[in-house]
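Working notes, beginning with the structure itself.
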Amino acid sequence: MSGRLNGKVAIVTGGALGFGEGIVIKFVQEGALVVIVDLHKENGERVLASQPRGTAIFVQGDVSSEQDWEKVRDTTLSRFGKIDIVVNNAGIVNSAISSLELTEKEFDRLCRVNIKSLYFSARVIAPCIQKQSTGGAFINISSMSALRPRPNLVWYAATKGAASAATKGLAAELAQDNIRCNAICPVAGETAMIPLVLGKPDTPENRAKILSGIPLGRFATPADIANAACFLASDEANFITGVELPI
Ligand SMILES: NC(=O)c1ccc[n+]([C@@H]2O[C@H](COP(=O)([O-])OP(=O)(O)OC[C@H]3O[C@@H](n4cnc5c(N)ncnc54)[C@H](O)[C@@H]3O)[C@@H](O)[C@H]2O)c1
């Protein structure tokens, strides 16, 4: 354990799978106490059980619910006494489809989970960090599609554009409290999202089309995203705020 996050308390949403699971593992390895927040109880408990006893807790919750954010805040404070880091990682993507055909219901669901969650995380958690007067860090998992939108995932990209804009705006607004806000913009990752991003059968040929647009020629792994999140959460990044970091 190298301890780059020693003594810090981190909330990681969507921590039960994919990038979020990688972030939980890395943060615990680096000495943080981690609150795993996820809708999926079984996976949340699985990730919790894989961590050393006492280093993490699991709170089942929906990031698009303000009440659930209040539950996360109250549970974190009563269990660990403070909050230093929030990684807003939970997010959803629609199955790739013409932008003119996405239903209003799907559009609303994308906005609720990918944007409203950030609004609630700021409203509910930032005041606690302000009160602690110790500073803190928000890390929002945006997407490469915020920087470089492609056909068929346009409304998803729009929610990630909003996530990036919110991150930069909050960075400016919360800097006076030494609360840093940064976004990570991953390329396509090797997670459960792949079949949806493809929008067609998950075949080597269809994967190759996506890979041809990724300079390093492979999908992002949870460890890639976790390493970047760890850096941005750590004191090594204590003069970095308002960036969108493409991974
Ligand atoms: N995988 C990719 O290709 C990719 C690329 C760029 C950005 N991203 C972003 O990275 C983040 C993580 O993606 P992933 O690929 O690891 O996803 P994933 O589907 O593998 O895991 C997402 C996790 O979030 C949880 N979750 C979903 N909705 C939730 C809600 N309302 N409340 C609480 N938990 C919820 C799920 O239960 C799941 O455990 C997302 O924000 C996604 O948009 C992913």
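Read the numbers this way: they start at 1 and go in the same order the structure lists the ligands and their atoms. None of the values given here were measured: they were computed from a predicted structure.
Looking at Ile194 and Phe219, their side chains come closer than 4.5 Å, going by heavy atoms from C-beta outward.
Note: no N/O pair closer than 3.5 Å links Ser143 and ligand 1 by distance alone. The distance criterion of under 3.5 Å between nitrogen or oxygen atoms is met by Val63 with respect to ligand 1.
Not one N or O on the side chain of Asp202 forms a donor-acceptor pair closer than 3.5 Å with the backbone of Pro195. A donor-acceptor pair under 3.5 Å links the side-chain atoms of Asp224 to the main chain of Thr221, judged by distance alone. Formation of a donor-acceptor pair under 3.5 Å by the Asn140 side chain with backbone atoms of Ala163 is not found in this model. Not a single donor-acceptor pair under 3.5 Å links the side chain of Asn43 to the backbone N or O of Leu17.
The nearest pair of heavy atoms linking Ile129 to Gly135 is CG2-O, 3.3 Å. Closest approach of Gly18 to Thr191, counting heavy atoms only: CA-CG2, 4.0 Å.
Scanning the protein heavy atoms around atom 19 (O) of ligand 1, the nearest turns out to be Met193 CG, 4.0 Å. For atom 40 (C) of ligand 1, the closest non-hydrogen atom on the protein side is Asn89 O, 3.1 Å. Atom 4 (C) of ligand 1 has as its closest protein heavy atom Phe19 CE1, 3.6 Å. The protein heavy atom nearest to atom 22 (C) of ligand 1 is Gly91 O, 4.3 Å. Among all protein heavy atoms, the one lying closest to atom 33 (C) of ligand 1 is Gly61 O, 3.2 Å. Counting only heavy atoms of the protein, atom 14 (P) of ligand 1 lies nearest to Thr191 OG1, 3.7 Å. Nearest protein neighbour of atom 35 (C) of ligand 1, counting heavy atoms only, is Ala90 CB, 3.8 Å. The protein heavy-atom contact nearest to atom 2 (C) of ligand 1 is Gly189 N, 3.3 Å.
Which parts of ligand 1 touch Gly14 is read off a 4.0 Å heavy-atom cut-off, strictly below it: atoms 23 (C), 24 (O), 25 (C). For ligand 1, the atoms lying closer than 4.0 Å to a non-hydrogen atom of Val113 are 28 (N), 31 (N). Residue Asp62 approaches ligand 1 through these ligand atoms, each under 4.0 Å from one of its heavy atoms: 30 (C), 31 (N), 32 (N). Those atoms of ligand 1 with a heavy atom of Ala188 less than 4.0 angstrom away are 3 (O).
Compare Asp38, Ile225, Val72 by their heavy atoms: the one nearest to atom 38 (C) of ligand 1 is in Asp38.
In Lys116, the NZ atom is not crowded: 12 or fewer heavy atoms of neighbouring residues, nucleotides or ligands sit closer than 6.0 Å.
Residue contacts with ligand 1 include Val187, since one or more of its heavy atoms lies under 4.0 Å from the ligand. Using a non-hydrogen distance threshold of 4.0 Å, Thr13 does not register as a contact of ligand 1. By the 4.0 Å heavy-atom criterion, Val93 is excluded from the residues contacting ligand 1.
Of the charged side-chain nitrogens involved, none lies within less than 4.0 Å of a carboxylate oxygen, so that Glu70 and Arg73 do not count as a salt-bridged pair. Salt-bridge annotation for Glu42 and Arg46: absent, with no side-chain N of the basic residue lying under 4.0 Å from a carboxylate O of the acidic one. Residues Glu190 and Arg207 are paired through a salt bridge, judged by an N-O separation under 4.0 Å between the basic side chain and the carboxylate.
When heavy-atom distances to ligand 1 are checked against a 4.0 Å cut-off, Phe219 has no atom that comes that close, whether in backbone or side chain. Residue Ser142 touches ligand 1 through its backbone alone, judged by heavy-atom distances below 4.0 Å. Counting heavy atoms closer than 4.0 Å to ligand 1, residue Lys160 contributes side-chain atoms (C-beta onward) but none from N, CA, C or O.
A continuous path of hydrophobic side-chain contacts links Ile36 to Ile139 [ILVMFWY only; heavy atoms under 4.5 Å].
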